[in-house]
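These numbers were taken from a predicted model, which means no experiment stands behind them. A note on names: the letters A, B, ... follow the listed sequences, proteins ahead of strands, and every chain is numbered from 1.
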Protein chains: 2
Amino acid sequence: MPNNQFKKGELYSFITGKASTAIARRLQKKFNGAGLNITIEQWSVLYHLWKQEGISQQELCNATFRDKPSITRLVDNLEKLNLVKRVPSEHDRRINMIYLTKQAQKLQEDTMALAEETLNEALETVPADKVDTCKEVLQIVYDNLK
Amino acid sequence: MPNNQFKKGELYSFITGKASTAIARRLQKKFNGAGLNITIEQWSVLYHLWKQEGISQQELCNATFRDKPSITRLVDNLEKLNLVKRVPSEHDRRINMIYLTKQAQKLQEDTMALAEETLNEALETVPADKVDTCKEVLQIVYDNLK
DNA sequence: TTTGAATAGTTGCACAAACAACTATATGCC
DNA sequence: GGCATATAGTTGTTTGTGCAACTATTCAAA
């Protein structure tokens, strides 16, 4: 028997991701309110570069679960904002290595604090073990479909 | 103490909604593969109209968690595809009542089957009680932030 | 060594989202 | 009745996404 535990109406939220939409909107408002002039999508690219910079656009595709054109344009816009730089690889001239500017490095602490704040608001009143289960399920969903 | 159970790196998936992105992409591919020429966003509007048609654009905003311009354009595109019709309300001339065409009524069964199929693939190997917990947590997140 | 396939990245197009500014209509209060 | 305010919907702009088609470079096999 299929794993079909979706009464109509519940199915909808799962597919449309209302929860993550709500989280992203809240975080975007916090960014705007703090005068941080970046989008959530741009932040998601910086997020991975803070962990490791000097990676290729293709690696950013894999890390952020986006296709190549999306990353091209996000990097375009991040470059316009003076937050990253494309540096051609010396070993393989097809590749751009993406590096953070000093300005981007300065953003890390503030934006991560706002992200944690947002998640705390989102998960207020949710017991820790349920959050763990939820994370686990979402990870499996991602692995099943990616 | 704040409800801060996010080690770095887990935070990311929660905010960016990788799981629901994966689900939506998979479902879109199924639509395309079946020759159904609609987007997931258009489907999400039809979804609510199948439950009840003749509602206003504002009611569609609330139901789909979108703003008014988004619904205006989704209804524009659904009208171009001959799937819905705007009918001016007689009682309040500001309001458009949105009705389904016969063509849209025919889409319900097929698309809902593909949606269920997608969710079954997504949740393969996930025990039912964990799915329940996950749904519960996501609902609370939504309620906390909406 | 040359040629064909694979890989990295870009560009064009259609669709969607968020925000601000706008029009038209309705409502409530004096 | 007339005016301020609220509500429903539209339009313009910027940003992001997905797909297809494209260029440039690398790699591998004949």
Side-chain angles (χ1 to χ4, degrees), chain A residues 16-18 20-33 37-46 55-81 83-84 86-98, chain B residues 15-18 20-33 36-46 55-81 83-84 86-98:
Chain A
T16 57
K18 281 167 83 171
S20 58
T21 302
I23 292 173
R25 279 189 204 165
R26 174 68 61 96
L27 180 55
Q28 183 70 65
K29 288 212 166 79
K30 284 182 192 288
F31 282 179
N32 297 344
N37 187 30
I38 60 170
T39 66
I40 300 304
E41 293 84 0
Q42 290 164 359
W43 173 82
S44 81
V45 172
L46 296 178
I55 62 179
S56 71
Q57 293 187 199
Q58 182 58 55
E59 286 170 312
L60 279 175
C61 291
N62 302 335
T64 64
F65 195 42
R66 288 182 170 88
D67 68 356
K68 289 191 289 180
S70 294
I71 289 297
T72 292
R73 276 138 187 163
L74 282 171
V75 171
D76 284 349
N77 286 335
L78 285 166
E79 246 185 348
K80 280 183 206 156
L81 291 169
L83 293 173
V84 307
R86 285 177 166 101
V87 178
S89 163
E90 295 177 1
H91 309 294
D92 186 337
R93 289 193 300 168
R94 292 171 302 180
I95 293 179
N96 293 329
M97 316 287 273
I98 310 299
Chain B
I15 292 176
T16 57
K18 281 166 83 169
S20 58
T21 302
I23 292 173
R25 276 188 207 167
R26 173 69 62 96
L27 180 54
Q28 182 71 65
K29 288 211 166 81
K30 283 181 191 289
F31 282 179
N32 297 343
L36 302 173
N37 187 28
I38 60 170
T39 66
I40 300 303
E41 294 83 2
Q42 290 165 359
W43 173 82
S44 81
V45 172
L46 296 179
I55 63 179
S56 70
Q57 293 187 199
Q58 182 57 55
E59 286 169 311
L60 279 175
C61 291
N62 302 336
T64 64
F65 195 41
R66 287 182 170 87
D67 68 357
K68 290 192 288 179
S70 293
I71 289 297
T72 291
R73 275 139 186 163
L74 282 171
V75 171
D76 285 349
N77 286 335
L78 285 167
E79 246 185 349
K80 280 182 207 157
L81 291 169
L83 294 173
V84 307
R86 286 177 165 99
V87 178
S89 164
E90 295 177 2
H91 309 295
D92 186 336
R93 290 194 299 168
R94 293 171 303 181
I95 294 178
N96 292 330
M97 316 287 273
I98 311 299

* Asked: OP1, OP2 of D/dG18 versus side-chain N and O of B/Asn32: anything below 4.0 Å?
  -> no
* Over 12 foreign heavy atoms within 6.0 Å of CG, B/Asn32 -> yes
* Pick the nucleotide of DNA chain C nearest each of A/Gln58 and B/Arg93; which residue has the one closer to the 5' end? -> A/Gln58
* Between A/Ile71 (CD1) and D/dT15 (P), how many Å, whole number? -> 16 Å
* Taking only side-chain nitrogens and oxygens of A/Thr72, does any of them come within less than 4.0 Å of OP1 or OP2 of C/dT11? -> no
* Asked: Taking CG from B/Asn62 and P from D/dG9, how many angstroms apart are they, rounded to a whole number?
  -> 10 Å
* Contact nearer the 5' end of DNA chain C, comparing A/Arg25 with A/Pro69 -> A/Pro69
* Report the residue (B/Met97 or B/Arg73) whose heavy-atom-nearest nucleotide on DNA chain D is the more 5′ of the two. => B/Met97
* What integer distance in Å separates A/Phe31:CZ from C/dC19:C1'? -> 18 Å
* Looking at D/dG9, D/dT17, C/dA8, which one has an atom nearest to any side-chain atom of A/Ser70? -> D/dT17
* Over how many whole Å does the gap from B/Asp92 atom CG to C/dA26 atom P extend? -> 5 Å
* Pairing of A/Arg86 and A/Asp76 as salt bridge, 4.0 angstrom limit -> yes
* Is the phosphate of C/dA16, meaning OP1 or OP2, less than 4.0 Å from a side-chain N or O of B/Gln42? -> yes
* Asked: In terms of side-chain heavy atoms of B/Asn77, which of C/dA16, C/dC19, C/dT11 is nearest?
  -> C/dA16
* Structure fact -> Here the distance between atom C1' of C/dT25 and atom CD1 of B/Ile95, to the nearest Å, is 10 Å
* Asked: In whole angstroms, how far is the C1' atom of C/dT10 from the CZ atom of A/Arg94?
  -> 15 Å
* Please report, rounded to the nearest Å, how far the C1' atom of D/dG12 is from the CG atom of B/Asp76. => 14 Å
* **Distance-minimising heavy-atom pair for B/Thr64 and B/Ser44** => CG2-O, 4.0 Å
* Quick one: do the B/Ser70 and B/Asp67 side chains pair a donor with an acceptor below 3.5 Å? -> yes
* **Whole-Å distance separating the CD1 atom of B/Ile98 from the C1' atom of D/dT10** => 13 Å
* Hey, is the side chain of B/Gln57 poking within less than 4.0 Å of OP1 or OP2 on D/dT10, counting only N and O atoms? -> yes
* **Quiz item: A/Arg66 side-chain donor-acceptor pair to C/dG9 base, under 3.5 Å** => no
* Heavy-atom pair of closest approach, residues B/Arg66 and A/Arg25 -> CA-NH2, 4.3 Å
* To do: Would you kindly check whether a donor in the side chain of B/Arg26 faces an acceptor in the base of D/dG18, or vice versa, at under 3.5 angstrom?
  => no
